[in-house]
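One structure is given below, encoded as structure tokens.
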Amino acid sequence: MQSRWQTFQRYPFLRATVYLLTGLLALLYPQQLTQWLIYLIAIYVAFFGIINILSGLREKSRSNQFGFEMYVGLFLVVIALLILALAKPLLTLATIFLGIFILINGFLRLSQVFELKKMNQPFLSLLFYSVILIIAGFILMFNAITSIMTLVGSVFIFMGLSEIIRSFSLRKCYVDKRIFLR
């Protein structure tokens with residue numbers, strides 16, 4: 001596993017490809033990707049719960065008592081079930097609250113715009129910023145899951161493009177350095 005991670009770290013185009021594909025999936029299929037991630041996390045937690053339960057059962061056969069692993073395993077399986085049942089509603093609720101927070105922040109900035117205008121100070125950049133915050137707040141409030149996945153997808157696409165640009169700039173730097181050292 002360590003060598004695969006090192007390979008992933010070493011190859012910027014591999015990283016860029018993973019980032020770009022994840023970003024595109026998040027943009028094109030936000031609902032499905034969110035559901036898939038919830039299932040993946042629940043399976044991961046349940047897997048470790050089952051491993052602990054099996055370890056606890058082995059302990060029971062050896063010492064005729066359930067070990068700590070059995071209780072941890074049962075707890076993890078319950079957590080996995082709760083993730084399946086509550087993750088999407090909690091994510092939606094958190095996104096709605098984030099939208100409300102951003103909306104309030106946008107309106108506060110808009111009130112600052114009016115104060116700056118009264119004092120004959122430059123205010124257009126703050127007006128633009130406040131309008132963007134207000135629009136983003138409304139979008140997050142009324143389109144929660146899609147908005148978050150759009151944001152996540154955009155960040156991943158940005159990361160992928162940054163990796164490609166960084167790779168070319170580093171390659172050019174190494175080529176220039178080799179020419180300089182000859």
Going from CG on Leu14 to OH on Tyr19, what distance comes out if it is rounded to the nearest 0.5 angstrom?
9.5 Å

Out of curiosity, does Leu108 fall in the hydrophobic cluster containing Ile100 (side-chain heavy atoms, cut-off under 4.5 Å, transitive links)?
yes

What is the distance from atom CG of Leu54 to atom CD of Glu69, rounded to the nearest 0.5 Å?
11.5 Å

Counting only heavy atoms not in Lys117, do more than 12 fall under 6.0 Å of its NZ?
no

Taking atom CD of Gln35 and atom CG of Leu84, what is their separation to the nearest 0.5 Å?
8.5 Å

Path from Ile79 to Ile38 over hydrophobic side-chain contacts below 4.5 Å
yes

Are the side chains of Leu161 and Leu20 in contact, using a 4.5 Å heavy-atom criterion?
yes

Between Leu74 and Val78, is there a side-chain heavy-atom distance shorter than 4.5 Å?
no

d(Leu27 CG, Phe156 CZ) to nearest 0.5 Å is 11.5 Å

When you group the ILVMFWY residues by side-chain heavy-atom contacts below 4.5 Å and let the links chain together, are Phe75 and Tyr71 in the same group?
no

Indicate yes or no for a side-chain donor-acceptor contact from Ser130 to the backbone of Leu126 under 3.5 Å, with no hydrogens or angles considered.
yes

Mind checking what makes ring-ring contact (aromatic ring centres under 6.0 Å, His included) contact with Phe158, not counting sequence neighbours?
none

Mind checking whether Ile132 and Ile135 have side chains closer than 4.5 Å, heavy atoms only?
no

Of all heavy-atom pairs between Gly160 and Ala16, which one has the smallest distance, and what is that distance?
O-CB, 3.4 Å

Which atom pair, heavy atoms only, marks the closest approach of Leu133 to Arg109?
CD1-CG, 4.1 Å

Qualifying ring pair (Phe, Tyr, Trp, His ring centres under 6.0 Å) pairs, either residue in residues 91-113, two or more places apart
none

Kindly give the heavy-atom pair with the smallest separation between Ile83 and Ala42, and that separation in Å.
CG2-CB, 4.0 Å

Considering only heavy atoms from C-beta outward, does the side chain of Leu103 approach that of Ile134 to under 4.5 Å?
yes

CG of Leu33 to CG of Leu28: how many Å apart, nearest 0.5 Å?
10.5 Å

Would you kindly confirm whether Met119 and Leu110 end up in one hydrophobic cluster when ILVMFWY residues are joined by side chain heavy atoms under 4.5 Å apart?
yes

Out of the candidates Leu76, Ile50, Val77, only one should pair with Val45 under the side chain to side chain contact (heavy atoms under 4.5 Å, CB included) rule; please name it.
Leu76

Which residue pairs pass the ring pair (Phe, Tyr, Trp, His ring centres under 6.0 Å) test with at least one member in residues 22-49, sequence neighbours excluded?
Tyr44-Phe48

CD-CG distance between Glu59 and Asn64, expressed to the nearest 0.5 angstrom
10.5 Å

Is there a continuous path of hydrophobic side-chain contacts, each under 4.5 Å between heavy atoms, that joins Phe114 to Ile104?
yes

